[in-house]
Amino acid sequence: MDSTQEQLKLKVEQALVAAFGREWTGTDPMLVTASNPKFGDYQANLALPLAKKIGQQPRVIAQSIVAKLDVSDICEPPEIAGPGFINLRLKTDYLQTQLTRMHQDERLGVGKAKNPQRQIVDFSSPNIAKEMHVGHLRSTIIGDCIARILEFRGHDVLRLNHVGDWGTQFGMLIAYLREVYPQALTTANALEIGDLVEFYKKAKKRFDEDDNFKETARQEVVKLQSGAVDTTHAWQLLCEQSRQEFQVIYDLLDIRLTERGESFYNPFLPHVVTDLEAAGLLEESDGAKVVFLEGFTNKEGQPLPLIIQKSDGGYNYATTDLAALRHRIQKEEGKRLIYVTDAGQAGHFAGVFQVARRAGWVPDDVELVHVPFGLVLGEDGKRLKTRAGDTVRLRDLLDEAVLRAKQDLEARLEENQRQESPEFIAHVAQVVGISAVKYADLSQNRTTDYKFSFDRMLSLKGNTAPYMLYSFARTQSIAREGNIDFTNLGNEAKIILQADGEFTLAKHLLELGEVINAVEQELMPNRLCDYLYQLSDKFNKFYENCPVLKSEEPIKTSRLMLCDLTARTLKLGLNLLGISVLDRM
Ligand code: ARG
């Protein structure tokens, strides 16, 4: 089923073509939701920009379009306002039928994509032997939400973890561990990731200070690259160690990912060089092989190079990404490649995408998208750090969110003299704590930095996870109170709209499909959060003004259906954000 907005768009475009001829096929009808309910529900603004092109007054154009516009099954007769806006108001009948249908549909009327595609989401992607930091947390939460939405729309989604599991740092680390803790290189689980991070820091220090050590580390890299058995085994152990630690975070956050680290693309790196050479893009610069980027210059106005192979023969982060991009297009047959990383990597991806395009590796039907996000800041407005100035461990952060959620809950229970089992308390605290962290991240426009605040994200008021979860629980308590089974309201049950609060809620419910479409296109999860937040708000107003359990039939059933629709919409929306709901909290 097409959303109302899509149907209206199509009809306005058809009317334009009927009025002015085929050459106007494909014109954007500029249909938006009306800014003020006084003007109806939707507004088509296309007459204004067309005035010049067609050479008539916008009002006259609007009249000609309206004369050909048949929306009588959906809207009241269209009205023309101001200089030439076409105002459309949805018919009550139409709304009632749509909502009743939505209620019968498991997908709540949200259609699947007409052209399902293979889409690849590269997200999370932490680095081995380093701790996952809040930047990776953002990538994990945002990437998972995007993947969930694409999956719901019926796309074939590949969730890839481009783990940083290769590079010169392993030479350093292995050389150092051979000296101080050789067991770590031969025995599984001999290290904690915390130790690994410490060893890594010390190894780096040795590397910078001691030339002999530097040489040993280089030899380890050579051994690793040539596949020497003991070095490769040591490398695998280190990766396994980190992997286990990452998995703890993924389990806490309920994240599924396919690991395909940088090392996977190793065998393809020499081809990147030869193929770029053959394409005539590669140049020598200070002994390195580079591609000079078009439209990128440094401070001195010199063209900026993307380094493909360093003078010592080593490859770069960008080289691996070029190989990965090609693999994703050619072998994985991805049609939309999405990369979720901090905004600091925007330049990197712009460069990689440009080189891939110029090399002819990107067919017209493939879209490359970098999805950048801002920094996580502390209360002081600077990059989030521990008091000691270290990076915050994600596990500690998530544990603290759950702990605080538990304390809040216990205080609330005591205040209301409620008794609950320890299992209930633990479960609610877990869901609330994790959801709070996810929602706080997703509800921000991702391109901006945001301040991390436990107090704010755990608050029961405002645009927060606890508030949303609470709204859902409230819908369920209505069912409990009235002894109602929402799943069994009768096949004949119909939605009937009379009060203002019902209309406002109903129209908002019907926008779900449009919002999900928008997130699918723009990859901005905060749009879905805003939608759900407004939904709770509209539901609460409806519930304050329209008695549900105390009203007479058939209004009672209709209002129960609105409660149920709200509940299911909240549940679906929150699930798409990676958040599970609670019947009681
Ligand atoms: N490992 C990288 C980092 O920690 C992120 C990788 C993102 N994905 C990619 N294909 N480059 O910054």
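As the structure lists them, so they are numbered: ligands from 1, and atoms in each ligand from 1.
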### salt_bridge(R393, D399) N-O dist < 4.0 Å
no
### Task
Answer yes or no: is there a side-chain heavy-atom contact under 4.5 Å between V376 and L137?
no
### Within the 4.0 Å heavy-atom sphere of ligand 1, strictly under, residues
D122, S125, N127, H136, H162, Y317, D321, Y339, T341, Q345, F349
### Task
Sequence neighbours left out, what passes salt bridge (Lys or Arg N to Asp or Glu O under 4.0 Å) with E332? Give chain and number order.
R118, R260
### Pair D455, S453: side-chain N/O donor-acceptor within cut-off below 3.5 Å
no
### Message
Can you confirm whether S124 sits close enough to F246 that some side-chain heavy atom of one is under 4.5 Å from a side-chain heavy atom of the other?
### Response
no
### Query
Can the ring centroids of F452 and F454 be said to lie less than 6.0 angstrom from one another?
yes
